[in-house]
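All values reported here derive from a predicted model rather than from experimental measurement.
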Amino acid sequence: MLEALKKEVYEANMLLTEYDLAPFTWGNASGIDRERGLMVIKPSGVPYDELSPEKMVVVDFSGNRVESSLSPSSDTATHLELYRVFPEIGGVVHTHSPHAVAFAQAGRDIPAYGTTHADFAFGDVPCADALSDEEITGEYEKNTGLVIARCFAERELDPAAIPAVLVKSHGPFTWGANAKKAAEHAAVLEIIAGMALETEALGGRTPVGKTLLAKHYLRKHGKNAYYGQR
């Protein structure tokens, strides 16, 4: 079942180790088949060097395991919530990459300081609010997704233009058209978070100008984008 998607999700999970984003088992990637109402995700707590496409877990939109003897990632409900609220995405990644986590633990957005950031996101990467005690002791993972959704709704952010978020005191989630793209976004997020920390260490706190931000984002992602080959 879903052999191609399992392979894609497996490869996305392996990219997390290749990009040094997920030491030990600190990360997961998923992909979705919206027509069939099924998601494929990394099994919980399984080391990356023990993974294979066959070990990816298939769940339905309610989080029920459809195929595999392994339990799905503990973050399954968060992934499913993101797929529900962002219907255009096809892959989700969660990591505990250190620079992005540093901003999350500080409860700060990652500011757009320059064009490297602008090539990735059309504005600051937001840090969502901390979960309440009730949200934590209730359906914690689902509520994590709801907190992310609320952040984007309240700030009127476009998840296509800003394909990443931080959860206060927790860490980053990224998404994309598929699992591989979500993993690439996780790698870029970690790079720009590190650049932002270095910028601030040198005393820089001036955001990139709006005109330059728009120029770099739109030349790569806009309707009339001209970055790359046609």
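- Between N143 and G138, the shortest heavy-atom distance links the atoms ND2-C, 4.3 Å.
- Grouping the Ile, Leu, Val, Met, Phe, Trp and Tyr side chains by contacts below 4.5 angstrom, directly or via other members, places V93 apart from V85.
- Taken together through direct or relayed side-chain contacts under 4.5 Å among Ile, Leu, Val, Met, Phe, Trp and Tyr, L15 and V46 form part of one hydrophobic cluster.
- Residues forming a side chain to side chain contact (heavy atoms under 4.5 Å, CB included) with V101 (at least two apart in sequence, or on another chain): H96, Q105, P172.
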Exercise for the section: Could you walk me through whether Y19 and T95 pass side-chain hydrogen bond (donor to acceptor under 3.5 Å, both in side chains), step by step? Expected result: CA-CA 11 Å; Y19 296 150; T95 76; over 6 Å; no
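- Under the rule for a salt bridge (Lys or Arg N to Asp or Glu O under 4.0 Å), the partners of R150 that lie at least two apart in sequence or sit in another chain are E135.
- Using a cutoff of 4.0 Å between basic side-chain nitrogens and carboxylate oxygens, E8 and K180 are not scored as salt-bridged.
- Between L131 and T144, the shortest heavy-atom distance links the atoms CD2-OG1, 3.7 Å.
- L189 has its side chain within reach of V125: a pair of non-hydrogen atoms, C-beta onward, lies under 4.5 Å apart.
- With hydrogens and angles ignored, the 3.5 Å screen pairs no side-chain donor or acceptor of S62 with any backbone N or O of N64.
- Contact annotation: the side chain of L166 approaches that of I110 to within less than 4.5 Å [non-hydrogen atoms, C-beta and beyond].
- Rounded to the nearest 0.5 Å, atoms NZ (K55) and CG (L70) are 7.0 Å apart.
- V208 and L218 fall within the same hydrophobic cluster, where Ile, Leu, Val, Met, Phe, Trp and Tyr residues are linked whenever their side-chain heavy atoms come under 4.5 Å apart, directly or through other members.
- Applying the side chain to side chain contact (heavy atoms under 4.5 Å, CB included) rule to K168 yields the partners C127, A130; only residues at least two apart in sequence or on another chain are considered.
- Contacts of Y217 classified as ring pair (Phe, Tyr, Trp, His ring centres under 6.0 Å), with partners at least two apart in sequence or in another chain: F122, H221.
- Counting non-hydrogen atoms of other residues, nucleotides and ligands closer than 6.0 Å to CD of E198 gives a total of 12 or fewer.
- Screening residues 123-166 for ring-ring contact (aromatic ring centres under 6.0 Å, His included), with sequence neighbours left out, gives F86-F152, F152-W175.
- Judged by distance alone, with hydrogens and angles left aside, the side-chain atoms of R84 form no donor-acceptor pair with the main-chain N or O of G145 at under 3.5 Å.
- L157 and P126 get closest at one heavy-atom pair: CD1-CG, 3.6 Å.
- Considering only heavy atoms from C-beta on, H216 stays 4.5 Å or farther from Y227 through its side chain.
- Looking at T199, its side chain never comes within 3.5 Å of a backbone N or O of G204 through a donor-acceptor pair.
- Listed by first and then second residue, the side-chain hydrogen bond (donor to acceptor under 3.5 Å, both in side chains) pairs involving residues 33-53 are S52-E54 (not counting sequence neighbours).
- In plain terms, the two heavy atoms of T206 and Y113 that are nearest each other are O-CD2, 3.4 Å.
- Side-chain atoms of E141 and T76, non-hydrogen and from C-beta on, never get closer than 4.5 Å to each other.
- I148 is listed as a side-chain neighbour of V167, based on a closest heavy-atom distance under 4.5 Å.
- The side-chain hydrogen bond (donor to acceptor under 3.5 Å, both in side chains) pairs that include a residue from residues 181-191 are S97-E190, H99-E190, K181-E184, where partners are two or more places apart or lie in different chains.
- Side-chain contact check for M1 versus V66: some heavy-atom pair is nearer than 4.5 Å.
- Between the side chain of E134 and the backbone N or O of S132 there is no donor-acceptor pair closer than 3.5 Å.
- Put simply, the side chain of D60 gets close to the backbone of G63: a donor and an acceptor are under 3.5 Å apart.
- For Y83 (side chain) and V92 (main-chain N/O), a donor-acceptor pair under 3.5 Å exists by modelled atom type.
- Residues P111 and F103 have side chains in contact (heavy-atom distance under 4.5 Å, counting atoms from C-beta outward).
- Residue V58 comes nearest to K6 through the heavy atom pair CG2-CE, 3.8 Å, listed as atom of the first residue, atom of the second, then distance.
- Listed by chain and number, the residues in a salt bridge (Lys or Arg N to Asp or Glu O under 4.0 Å) with E88 amount to none (sequence neighbours excluded).
- Here D124 pairs with nothing under the salt bridge (Lys or Arg N to Asp or Glu O under 4.0 Å) rule; sequence neighbours left out.
- Put simply, the side chain of L38 reaches to within 4.5 Å of the side chain of L2, judged on heavy atoms.
- M56 and L5 end up in the same hydrophobic cluster when Ile, Leu, Val, Met, Phe, Trp and Tyr side chains are linked at under 4.5 Å.
- Each of F173 and L16 belongs to its own hydrophobic cluster when Ile, Leu, Val, Met, Phe, Trp and Tyr are linked at side-chain heavy-atom distances under 4.5 angstrom.
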Which side-chain N or O atoms in residues 20-28 pair as donor and acceptor under 3.5 Å with protein atoms at least two apart or in another chain?
{"unit_1": "N28", "atom_1": "OD1", "unit_2": "H79", "atom_2": "NE2", "d": "2.6"}
{"unit_1": "N28", "atom_1": "ND2", "unit_2": "S73", "atom_2": "OG", "d": "3.2"}
{"unit_1": "N28", "atom_1": "ND2", "unit_2": "D75", "atom_2": "OD2", "d": "2.9"}

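- For A102, the side chain to side chain contact (heavy atoms under 4.5 Å, CB included) partners are L197, not counting sequence neighbours.
- Once rounded to the nearest 0.5 Å, the distance linking CG of L82 with OG of S30 reads 8.5 Å.
- Shortest non-hydrogen contact noted between L213 and A118 is CD1-CB, 3.5 Å.
- With sequence neighbours excluded, the residues that form a salt bridge (Lys or Arg N to Asp or Glu O under 4.0 Å) with K7 are E11.
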